[in-house]
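The block underneath contains the structure these notes are about, expressed in structure tokens.
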Amino acid sequence: MIEDELRAAFARIEESTPPVGPVRAAVDRAVITRRRRRRRVRLAGTALAVAAVALVGFTAMAPRPPAPTAAPALPTPVPEPTGALNLLLLGVDQPAGSRRADSVLLVHLPADRGRLYLVSLPRDLLVPSQGGTEKLNATFSRAAGSGTDLAAGYRTTREAVARLTGVRVDAGAVLTYPGARELTDAVGGVPVCLPEPVRSVHTERRFPAGCQRLDGAAAVDLLRQRYGLRDGGLDRDRNAARYAAGLLHQFREQGTATDPAQLGRLLLRVGSAVTVDTGDLSLPALVAASGRAGDAEPVALAFPVLAEWNGRGYEPDPGLSPGFLDALRADRLGEWAAAHPDRVTALR
């Protein structure tokens with residue numbers, strides 16, 4: 001009797017129980033939706049991180065303050081810096097044991113932002129140091145050591161350039177030769193105009209006189225050449241200025257010079273081969289200032305030195321270098337260039 005009652009009770013409960021199939025299907029749908037939502041959140045977070053890196057673009061050498069915990073304020077327009085600016089660009093080779101700054105270029109942005117002035121400083125220029133003088137490129141290797149600390153090498157060279165010229169270096173960058181190759185290819189090649197043919201002593205590659213577009217490998221090959229050139233390292237500096245002018249031309253043509261996000265993506269592609277210091281300037285402010293100055297054809301100048309090699313390096317020209325430095329400090333390089341056309345490097 002009890003057994004029959006139990007069977008009847010179980011039958012009644014079983015009839016009132018909802019079917020398992022629909023419940024299980026609903027649970028499965030919920031799990032799938034939750035997984036998709038989590039995946040979308042992860043993808044969105046990755047995209048935001050990449051976008052943030054691209055917008056920041058430059059990697060400052062100085063440590064950043066900790067991020068505020070409060071909600072960030074709405075972005076406000078960044079004021080463009082006023083007055084003249086000076087940017088230091090270093091091209092660094094990768095020999096075994098140490099690195100030296102083979103190309104030292106001071107980019108001067110006048111206060112009126114009329115155009116850029118590319119001032120080549122010979123790597124073998126003798127500059128003041130403790131106890132005497134040393135070559136300008138030695139300041140980089142002395143601080144960088146085995147070549148891994150590019151930031152330290154940049155800071156030491158920046159200090160040497162500031163002492164030599166008497167102007168403040170507001171920002172700058174170090175570009176290794178692999179970085180130059182990657183950067184050149186990333187912008188689709190760089191136009192360079194040579195006054196005379198050049199034959200590479202490293203690869204036997206021949207660069208004809210006239211204008212040509214160089215890919216990354218050819219650009220690095222040209223930048224390394226000094227043997228066989230009429231003025232040796234001084235001619236290499238002129239070719240480095242021509243390359244820089246061609247790179248600026250590509251930036252202007254592609255809109256990179258006025259777009260911080262595009263510039264950030266380009267630097268992200270080049271990666272660790274570029275070390276950049278924005279100093280006290282923000283990236284948008286720096287891009288705005290250099291972008292306006294980059295609308296006109298740049299003027300390339302070489303720091304005046306005595307042509308004679310003294311066995312240790314190049315001495316500043318005592319007749320021309322004081323006036324040149326005065327013009328640089330007073331933001332009158334345009335007047336100096338007009339008065340000394342033979343010191344202007346032909347870019348076209």
Side-chain angles (χ1 to χ4, degrees), residues 84-93 99-110 116-129 133-144 150 153-177 180 223-226 229 231-245 247-248 275 277 298-310 312-329 331 333 336-337 340 342-345 347:
L85 298 174
N86 295 285
L87 317 177
L88 180 63
L89 306 181
L90 305 180
V92 180
D93 203 350
R99 282 177 170 171
R100 292 177 179 267
D102 277 347
S103 298
V104 182
L105 194 66
L106 186 67
V107 182
H108 178 76
L109 284 71
L116 295 170
Y117 292 88
L118 311 177
V119 180
S120 299
L121 301 173
R123 70 166 200 168
D124 294 325
L125 176 64
L126 295 175
V127 296
S129 66
T133 59
E134 65 179 340
K135 292 181 180 180
L136 181 57
N137 68 344
T139 62
F140 187 94
S141 60
R142 174 164 49 80
L150 299 181
Y154 166 81
R155 285 192 294 268
T156 306
T157 304
R158 179 191 63 196
E159 293 167 1
V161 170
R163 285 195 303 268
L164 171 71
T165 61
V167 299
R168 169 189 168 93
V169 177
D170 300 283
V174 179
L175 181 64
T176 65
Y177 279 174
L223 291 173
R224 297 181 65 197
Q225 301 307 312
R226 64 187 175 106
L229 302 182
D231 289 335
L234 300 181
D235 274 339
R236 175 167 62 182
D237 292 340
R238 297 183 184 105
N239 288 337
R242 294 181 177 107
Y243 169 81
L247 187 61
L248 289 172
T275 303
D277 175 24
V299 174
L301 302 168
F303 180 84
V305 298
L306 295 176
E308 296 81 9
W309 177 266
N310 66 5
R312 297 183 300 111
Y314 288 110
E315 297 276 1
D317 187 327
L320 289 176
S321 61
F324 175 84
L325 291 175
D326 287 343
L328 175 62
R329 296 170 190 141
D331 194 17
L333 279 183
W336 193 90
H340 302 84
D342 58 321
R343 296 287 172 166
V344 177
T345 299
L347 299 178

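With sequence neighbours left out, the salt bridge (Lys or Arg N to Asp or Glu O under 4.0 Å) criterion links Arg242 to no other residue. A search for side chain to side chain donor-acceptor pair (under 3.5 Å) contacts involving Glu134 returns Arg142, not counting sequence neighbours. Not a single side chain to side chain donor-acceptor pair (under 3.5 Å) links Tyr117 to another residue, sequence neighbours left out. Qualifying ring-ring contact (aromatic ring centres under 6.0 Å, His included) partners for Tyr243, counting only residues two or more places apart in sequence or in other chains: none. Among residues two or more places apart in sequence or in another chain, the side chain to side chain donor-acceptor pair (under 3.5 Å) test is passed with Arg226 by none.
Remark: of the listed residues Leu89, Val119, Leu85, Leu89 is the sole one forming a side-chain contact (heavy atoms from CB on, under 4.5 Å) with Val107.
When every heavy atom of Leu88 is checked against every heavy atom of Arg158, the shortest pair comes out as CD2-CA, 3.6 Å. Of all non-hydrogen atoms in Ala241 and Leu118, the two that sit nearest each other are O-CD1, 3.8 Å. The minimum heavy-atom distance between Val92 and Ala101, with the atom names listed, is CG2-CA, 4.4 Å. In terms of heavy atoms, Leu347 sits closest to Pro298 at CD1-O, 3.3 Å. For the pair Tyr314 and Ala307, the tightest heavy-atom approach, listed with the atom from each and the gap, is CE2-O, 3.9 Å. Minimum interatomic distance between Leu105 and Ser120 (heavy atoms only, all atoms of both residues): CD1-OG, 3.6 Å.
Listed by first and then second residue, the side-chain hydrogen bond (donor to acceptor under 3.5 Å, both in side chains) pairs that reach into residues 159-170 are Arg168-Asp170, Arg168-Asp280, sequence neighbours excluded.
When side chains are defined from C-beta on, Leu325 counts as touching Phe303, because their heavy atoms get closer than 4.5 Å. At a threshold of 4.5 Å between non-hydrogen side-chain atoms, the residues Leu121 and Leu136 count as touching. Residues Asp235 and Gln225 are not in side-chain contact: their nearest non-hydrogen atoms beyond the backbone lie 4.5 Å or more apart.
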Evaluate the criterion side-chain contact (heavy atoms from CB on, under 4.5 Å) for residue pair Val344 and His340; output intermediate values, then yes/no. CA-CA 7 Å; Val344 177; His340 302 84; over 6 Å; no
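For the pair Thr156 (side chain) and Gly153 (backbone), a donor-acceptor distance under 3.5 Å is absent.
Here Arg236 does not pair with Asp231 in a salt bridge; the nearest charged N to carboxylate O distance is not below 4.0 Å.
We find the CG-CG distance between Leu150 and Leu175 to be 10.0 Å, quoted to the nearest 0.5 Å.
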